[in-house]
Engineer: 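Here it is, the structure in full.
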Number of protein chains: 2
Amino acid sequence: MRAEALKGHLDGLLLAVLDGRALHGYAVIEALREGSDGAFDLPTGTVYPALRRLERAGLVRSGWSTVAGRRRRTYELTDAGRRALASQRTAWEAFSAAVSALLGRRDPWPATH
Amino acid sequence: MRAEALKGHLDGLLLAVLDGRALHGYAVIEALREGSDGAFDLPTGTVYPALRRLERAGLVRSGWSTVAGRRRRTYELTDAGRRALASQRTAWEAFSAAVSALLGRRDPWPATH
DNA sequence: CGCTATATGTAGCAATACTATCTATGGAAC
DNA sequence: GTTCCATAGATAGTATTGCTACATATAGCG
């Protein structure tokens, strides 16, 4: 997976794994890995700053908790986050369809010139 | 369409519209717009530098021609470009499947914690 | 006591698409 | 005939963003 492929799509994925449940950063990384069948195994340096970015944007809300002596910053969606997720899903459908239409064809173009 | 969504995917799209035919930059822009049903209407400041980038990488080859008093720099795939296109298609399948798996579900996660 | 998994975080880097701007020709509109 | 649009190419500078590398710390296992 090329590094740049994810650009512009990570936010939507983060919102998606937080949909309906609160997770801390480390668990988000695991959810992305498992939910993508191993395709997305993202480093902490990618996910933690991205979650903070979403929080600054008001799409998630965070709070601290301590479990078994380890501190966790837990994230959950805000109302704006849920709306953003819905719009990201729509945008993905459009983007995905457009790329597939262009890239998907296995035969070269008919000679038109 | 968010600007960042395209990042990392443009090269594959450019290679795809050049598959089996030679096009000049302006025609590439039109091919992207028409082939994506209007979803991708890219500015010249995006496409021209990207084509030069592909040429530096050895994936396309360019030559000049003049049609109706207008000079055109025409691009066509190299062998390496065709190989790169095949690998981009495979990468897109994997990426697309992974994102759809995470983003595609319309129902929130079951409560597991 | 060292190693691994868990857990959070930052600084700096590299890649890349976009905005804004510039030049130029041919043809249509007025 | 001159203004405007479509065609055609190009570049400088900017902003965003994901990644690498590094730093810190606890729990549990051998």
Side-chain angles (χ1 to χ4, degrees), chain A residues 1-15 22-34 36 39-57 59-60 62-75 88 91 95 98-99 113, chain B residues 1-15 22-34 36 39-57 59-60 62-75 88 91 95 98-99 113:
Chain A
M1 188 80 66
R2 292 183 57 240
E4 286 79 17
L6 198 57
K7 285 203 178 173
H9 303 284
L10 177 60
D11 289 5
L13 300 181
L14 294 176
L15 296 175
L23 293 179
H24 59 287
Y26 199 83
V28 165
I29 292 173
E30 290 177 322
L32 288 172
R33 184 172 53 236
E34 284 154 25
S36 68
F40 297 131
D41 192 5
L42 305 184
T44 65
T46 292
V47 173
Y48 287 119
L51 287 170
R52 307 300 290 272
R53 180 155 35 90
L54 291 179
E55 189 173 25
R56 275 203 313 278
L59 304 183
V60 302
S62 76
W64 286 100
S65 67
T66 302
V67 175
R70 290 193 186 90
R71 60 182 186 139
R72 290 175 171 176
R73 190 198 283 268
T74 307
Y75 293 91
Q88 289 268 356
F95 177 77
V99 174
H113 58 286
Chain B
M1 190 80 67
R2 293 183 57 239
E4 287 78 18
L6 198 56
K7 286 204 177 171
H9 302 286
L10 176 60
D11 289 7
L13 300 181
L14 295 175
L15 296 175
L23 294 178
H24 59 287
Y26 199 82
V28 164
I29 291 174
E30 291 178 321
L32 289 172
R33 184 173 52 237
E34 285 155 25
S36 68
F40 296 131
D41 193 5
L42 307 184
T44 65
T46 292
V47 173
Y48 288 121
L51 288 168
R52 308 300 291 273
R53 179 155 35 90
L54 291 179
E55 188 174 26
R56 274 203 314 278
L59 304 183
V60 301
S62 76
W64 286 100
S65 69
T66 301
V67 175
R70 292 194 185 90
R71 62 185 182 135
R72 291 175 170 175
R73 189 196 283 269
T74 306
Y75 293 91
Q88 289 269 354
F95 177 77
V99 174
H113 58 285

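If you're wondering where the values come from, they're calculated on a predicted model, not measured in any experiment. Each chain gets a letter, A, B and so on, in the order the sequences are listed, and its residues count up from 1.
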Engineer: If you apply the rule side chain to side chain contact (heavy atoms under 4.5 Å, CB included), what do you find for A:L10 with A:L42, and how did you get there?
Structural biologist: CA-CA 10 Å; A:L10 177 60; A:L42 305 184; 3.6 Å; yes
Engineer: Rounding to an integer number of Å, can you tell me how far B:E30 CD sits from D:dA8 P?
Structural biologist: 7 Å
Engineer: Would you say a side-chain N or O of B:R52 is under 4.0 Å from OP1 or OP2 of D:dT11?
Structural biologist: yes
Engineer: Once hydrogens and angles are ignored, does a donor-acceptor distance under 3.5 Å link the base of C:dT16 to the side chain of A:K7?
Structural biologist: no
Engineer: Could you check whether the rings of B:H9 and A:F95 sit parallel, tilted or perpendicular, using 30° and 60° as the cut-offs?
Structural biologist: perpendicular
Engineer: Quick one: A:Y26 OH to D:dT26 P, roughly how many Å, whole number?
Structural biologist: 17 Å
Engineer: Would you mind reading off the distance between A:R72 atom CZ and C:dG9 atom P, rounded to a whole angstrom?
Structural biologist: 13 Å
Engineer: May I ask you to verify whether the side chain of A:R70 and the base of C:dT6 hold a donor-acceptor pair under 3.5 Å?
Structural biologist: yes
Engineer: Which is more 5' along DNA chain D, the nucleotide nearest A:G8 or the one nearest B:H24? Just name the residue.
Structural biologist: B:H24
Engineer: Using whole Å, what does the distance between atom P of nucleotide D:dT14 and atom CD of B:E4 come to?
Structural biologist: 17 Å
Engineer: Taking atom C1' of C:dA17 as reference, at what distance in whole Å does atom CE of B:M1 sit?
Structural biologist: 13 Å
Engineer: OP1 or OP2 of D:dA15 sitting under 4.0 Å from any side-chain N/O of B:R2?
Structural biologist: no
Engineer: Which residues satisfy the side-chain contact (heavy atoms from CB on, under 4.5 Å) test with A:E55, sequence neighbours excluded?
Structural biologist: A:R52, A:V60, A:S62, A:R73, A:Y75
Engineer: Quick one: label B:G45 by what it contacts on the DNA or RNA (base, sugar-phosphate, nothing), any heavy atom closer than 4.0 Å.
Structural biologist: base
Engineer: Report the nucleotide, chosen from D:dG18, C:dC18, D:dG9, that has the shortest atom-to-atom distance to any side-chain atom of B:L42.
Structural biologist: C:dC18
Engineer: Given the rule in the side chain to side chain contact (heavy atoms under 4.5 Å, CB included) test, do B:L6 and A:V99 qualify, once you have shown the distances and angles that lead to the verdict?
Structural biologist: CA-CA 9 Å; B:L6 198 56; A:V99 174; 5.6 Å; no
Engineer: Mind checking the NZ-NZ spacing from A:K7 to B:K7? Nearest 0.5 Å is all I need.
Structural biologist: 5.5 Å
Engineer: Expressed as a whole number of angstroms, how long is the span from B:R71:CZ to C:dT25:P?
Structural biologist: 10 Å
Engineer: Could you check which of D:dT20, D:dA10, C:dT19 has an atom nearest any side-chain atom of B:Y75?
Structural biologist: D:dA10
Engineer: Using atom CZ of A:R33 as one end and atom P of C:dA7 as the other, report the distance to the nearest whole Å.
Structural biologist: 12 Å
Engineer: Whole-Å distance between C:dT10 C1' and A:Y48 OH?
Structural biologist: 13 Å
